Engineer: 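My structure is below; once you've seen it, I'll send some questions.
Here is how names work: the chains are called A, B, and so on, in the same order as the sequence lines, proteins then strands, and each is numbered from 1. Both backbone and side-chain heavy atoms feed into the values below; hydrogens, waters and symmetry mates do not. As the structure is a computational prediction, the values presented were derived from the model and not from experiment.
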2 protein chains.
Amino acid sequence: MDSSADGLLTPSDSSETGAQQIRDAIRDAIVERRLAPGTKLSESDVGGLFNVSRTLARAALQALSYEGLVSVEKNRGAFVAYPSPEEARQIFAARRLVEPGILKSAAERINPVQLEQLKQLLVEEGRLVGERGQSARRAEIKASGDFHLMLASISGNLIMQRFMEELVARSSLVIALYGQSSASSCGHSEHADIIAALERKDVDAACGLMLHHIAHIEADLDLREHRGFGLKEAFER
Amino acid sequence: MDSSADGLLTPSDSSETGAQQIRDAIRDAIVERRLAPGTKLSESDVGGLFNVSRTLARAALQALSYEGLVSVEKNRGAFVAYPSPEEARQIFAARRLVEPGILKSAAERINPVQLEQLKQLLVEEGRLVGERGQSARRAEIKASGDFHLMLASISGNLIMQRFMEELVARSSLVIALYGQSSASSCGHSEHADIIAALERKDVDAACGLMLHHIAHIEADLDLREHRGFGLKEAFER
DNA sequence: GTGCAAAAAATTGTATACAATTTAGCGCCT
DNA sequence: AGGCGCTAAATTGTATACAATTTTTTGCAC
């Protein structure tokens with residue numbers, strides 16, 4: 001099993017092949033938290049790692065910066081994004097703003113096959129919650145996001161789908177930084193509730209549950225300013 | 001007077017200076033419809049035009065492709081995006097989904113100064129509607145978009161603001177392709193109505209007016225498939 | 001040992017060079 | 001005249017080379 005659930009329906013970007021693969025690989029590493037926020041991503045290192053020139057490495061990094069997963073600072077290089085608390089709040093505000101609408105749209109268009117796929121995703125997610133180990137944890141993170149992404153896919157709007165991809169990926173970073181309960185799966189049953197509401201065509205309830213779900217994730221965050229002390233502050237008292 | 005209203009609050013991208021400027025220049029050209037959809041943007045030409053190497057030209061084009069304003073096809077080059085009718089529908093669906101939420105958020109946070117700026121934007125827009133000539137038309141297009149962008153800026157959410165920038169820019173392309181009444185200003189008074197509702201704190205009314213406004217713009221579109229015949233079809237009857 | 005300054009090393013910014021692919025032109029055949 | 005295949009030109013994909021900037025190291029004074 002590899003990156004798996006990209007089988008949703010990738011926009012088929014059509015641009016250069018090389019940089020694309022690198023971008024995707026790095027993105028996966030960031031989203032699955034194998035790369036910690038703030039990590040330096042030097043062009044030479046990235047290029048060397050994938051056996052390509054700096055040109056492609058740079059293009060990949062550049063692409064990731066447009067998605068907000070990497071921040072490139074002029075003349076200093078690229079780093080895995082380190083979203084500020086304020087940025088974190090805005091990411092979740094955006095999700096609250098957008099996801100009910102996506103859900104509503106998805107509810108109008110969903111067909112039995114898609115509903116089945118959604119449920120399938122859910123049991124997969126449930127299975128991973130049970131399993132133990134780093135690898136399962138990573139897969140669980142991905143699966144949890146894939147639920148939201150699948151809804152966006154069902155909504156049939158590619159633009160919103162891409163936007164959600166960005167938001168979900170960035171959410172992963174935020175949770176990595178500010179999440180408290182290590183179990184990111186706290187919302188697994190909530191996914192089930194949303195599907196149930198969807199199945200009985202109760203759109204309003206589904207939207208309410210979605211908002212509740214997002215709020216729940218956000219409630220697990222500790223968004224006080226500079227929680228990681230700056231080394232000086234850490235020893236000042 | 002130059003590109004003017006970038007004074008809103010540009011996210012200050014921080015990446016490379018060179019490519020940025022080129023990207024912005026080309027984006028302006030696309031949004032103001034000096035570059036028609038489908039126009040080929042060869043890397044050499046772009047580079048030559050701005051006196052930089054292909055490297056920077058390519059980076060700029062790449063950046064624009066992430067915004068959906070340029071479509072780059074592998075081994076074939078970059079073209080000013082030519083959104084399909086379906087894509088056009090999705091762009092406006094996204095706006096319907098997102099703009100009421102942004103407006104609501106803006107209404108909660110707006111202060112008198114911002115309200116004044118918004119009104120200022122409106123009179124500026126009104127002035128341009130009256131003027132005649134290509135240059136005024138372009139400025140009017142920009143001003144019309146700036147209204148929506150300013151609301152996003154007031155909402156205080158940088159992520160939604162950037163998303164709206166993308167949507168507004170792409171809308172301009174859609175209107176260029178499928179718009180019927182040449183006057184894109186048909187919705188000028190509607191902007192005023194929205195501000196009026198905003199001023200009397202009637203959020204629901206404002207949202208309703210916004211939806212009406214977007215629907216109004218969309219209603220001016222002729223989204224039948226391949227309205228521009230393919231040269232063969234054009235002479236077949 | 002600490003602090004500062006200059007030099008060296010490393011890294012990014014940009015241009016150029018070469019390889020791969022597509023597009024256009026040309027001749028030839030039917 | 002019209003279509004087919006080949007060659008040449010143009011264009012993109014990728015790597016490398018050089019310039020500019022930042023970071024680290026080194027050396028010296030205190």
Side-chain angles (χ1 to χ4, degrees), chain A residues 11-26 30 35-82 230-232 235-236, chain B residues 12-26 30 35-82 230-232 234-236:
Chain A
S12 105
D13 237 345
S14 81
S15 61
E16 322 98 299
T17 45
Q20 215 86 329
Q21 281 183 278
I22 297 170
R23 169 173 68 84
D24 292 347
I26 298 181
I30 293 177
L35 280 170
T39 304
K40 171 99 197 257
L41 300 172
S42 95
E43 298 176 354
S44 318
D45 289 357
V46 171
L49 197 52
F50 291 93
N51 287 102
V52 296
S53 73
R54 267 183 57 214
T55 306
L56 290 193
R58 186 184 181 81
L61 259 4
Q62 205 58 29
L64 287 165
S65 96
Y66 294 122
E67 303 178 33
L69 292 183
V70 157
S71 94
V72 339
E73 303 175 28
K74 173 160 169 160
N75 280 322
R76 286 190 21 89
F79 304 82
V80 178
Y82 197 107
L231 184 53
K232 283 169 195 157
F235 290 96
E236 211 144 73
Chain B
S12 102
D13 238 345
S14 80
S15 59
E16 319 99 299
T17 46
Q20 216 86 329
Q21 280 182 282
I22 298 169
R23 169 172 68 85
D24 292 347
I26 298 180
I30 293 177
L35 280 170
T39 305
K40 172 96 195 262
L41 301 171
S42 94
E43 299 177 353
S44 318
D45 289 357
V46 171
L49 197 53
F50 292 92
N51 287 104
V52 296
S53 73
R54 267 183 58 215
T55 306
L56 289 193
R58 186 184 180 82
L61 260 4
Q62 203 60 28
L64 287 165
S65 96
Y66 295 124
E67 302 178 33
L69 292 184
V70 157
S71 93
V72 339
E73 303 175 27
K74 173 160 170 159
N75 281 323
R76 286 191 21 88
F79 305 82
V80 178
Y82 196 106
L231 183 53
K232 283 171 194 156
F235 290 96
E236 212 144 71

Engineer: Please name the pair of heavy atoms, one in A/I22 and one in A/A60, separated by the smallest distance, quoted to 0.1 Å.
Structural biologist: CG2-CB, 3.6 Å
Engineer: So which heavy atom on B/A19 is nearest to which on B/A59, and how close?
Structural biologist: CB-CB, 3.9 Å
Engineer: Return the set of residues passing side chain to side chain donor-acceptor pair (under 3.5 Å) with B/D45 (not counting sequence neighbours), or none when no residue passes.
Structural biologist: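 Expected list: B/S42.
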Engineer: Whole angstroms only, please: what is the CZ-C1' distance between B/R58 and C/dT16?
Structural biologist: 15 Å
Engineer: Which comes earlier along DNA chain C counting from the 5' end, the contact point of A/K40 or that of B/N75, where each point is its nearest nucleotide?
Structural biologist: A/K40
Engineer: Please state how far atom CD in A/E43 lies from atom P in D/dT16, giving the value in whole angstrom units.
Structural biologist: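 For the pair A/E43 CD and D/dT16 P, the rounded distance is 15 Å.
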Engineer: Between A/P37 and A/A81, what is the shortest heavy-atom contact and its length?
Structural biologist: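 The answer is CB-O, 3.3 Å.
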Engineer: I need the CD-P distance between B/Q21 and C/dG13, as an integer number of Å.
Structural biologist: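 After rounding, the reported distance stands at 15 Å.
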Engineer: Identify all stems in which DNA chain D takes part, counting only runs of at least 3 consecutive pairs (Watson-Crick or G-U wobble, each distance under 3.5 Å), and give each as one range with another, ordered by first number.
Structural biologist: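 DNA chain D forms these stems: C:1-30 with D:1-30.
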Engineer: NZ of B/K74 versus C1' of D/dT11: gap in Å, rounded?
Structural biologist: 15 Å
Engineer: Any heavy-atom pair between the side chains of A/L69 and A/I26 that's under 4.5 Å?
Structural biologist: no
Engineer: Would you check if A/L41 and A/L64 make a side-chain contact, meaning some heavy-atom pair closer than 4.5 Å?
Structural biologist: no
Engineer: Would you mind telling me which residue lines up with the more 5' stretch of DNA chain D, A/T55 or B/G77, judged by nearest nucleotide?
Structural biologist: B/G77
Engineer: Given C/dA15, is OP1 or OP2 found less than 4.0 Å from the side-chain N or O atoms of B/S53?
Structural biologist: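 The answer is yes; a side-chain N or O of B/S53 sits under 4.0 Å from OP1 or OP2.
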Engineer: When the distance from CD of A/E73 to C1' of D/dT21 is rounded to whole Å, what number comes out?
Structural biologist: 14 Å
Engineer: Checking all strands, does B/S42 fall into the base, sugar-phosphate, or nothing category for heavy-atom contacts under 4.0 angstrom?
Structural biologist: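 Sugar-phosphate: the residue B/S42, judged by heavy atoms under 4.0 Å, touches backbone atoms but no base.
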Engineer: Rounding to an integer number of Å, can you tell me how far A/Q20 CD sits from D/dT14 C1'?
Structural biologist: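 Atom CD in A/Q20 sits about 15 Å away from atom C1' in D/dT14.
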Engineer: Would you state whether a donor and an acceptor, one from the side chain of B/R54 and one from the base of D/dG13, lie under 3.5 Å apart?
Structural biologist: yes
Engineer: Quick one: on DNA chain D, does A/R76 or A/N51 contact a more 5' nucleotide (nearest heavy atom)?
Structural biologist: A/N51
Engineer: Run the side chain to side chain contact (heavy atoms under 4.5 Å, CB included) test against A/A63 and tell me which residues pass, sequence neighbours left out.
Structural biologist: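 Partners of A/A63 by the side chain to side chain contact (heavy atoms under 4.5 Å, CB included) criterion, ordered by chain and then number, come out as A/R23, B/Y66.
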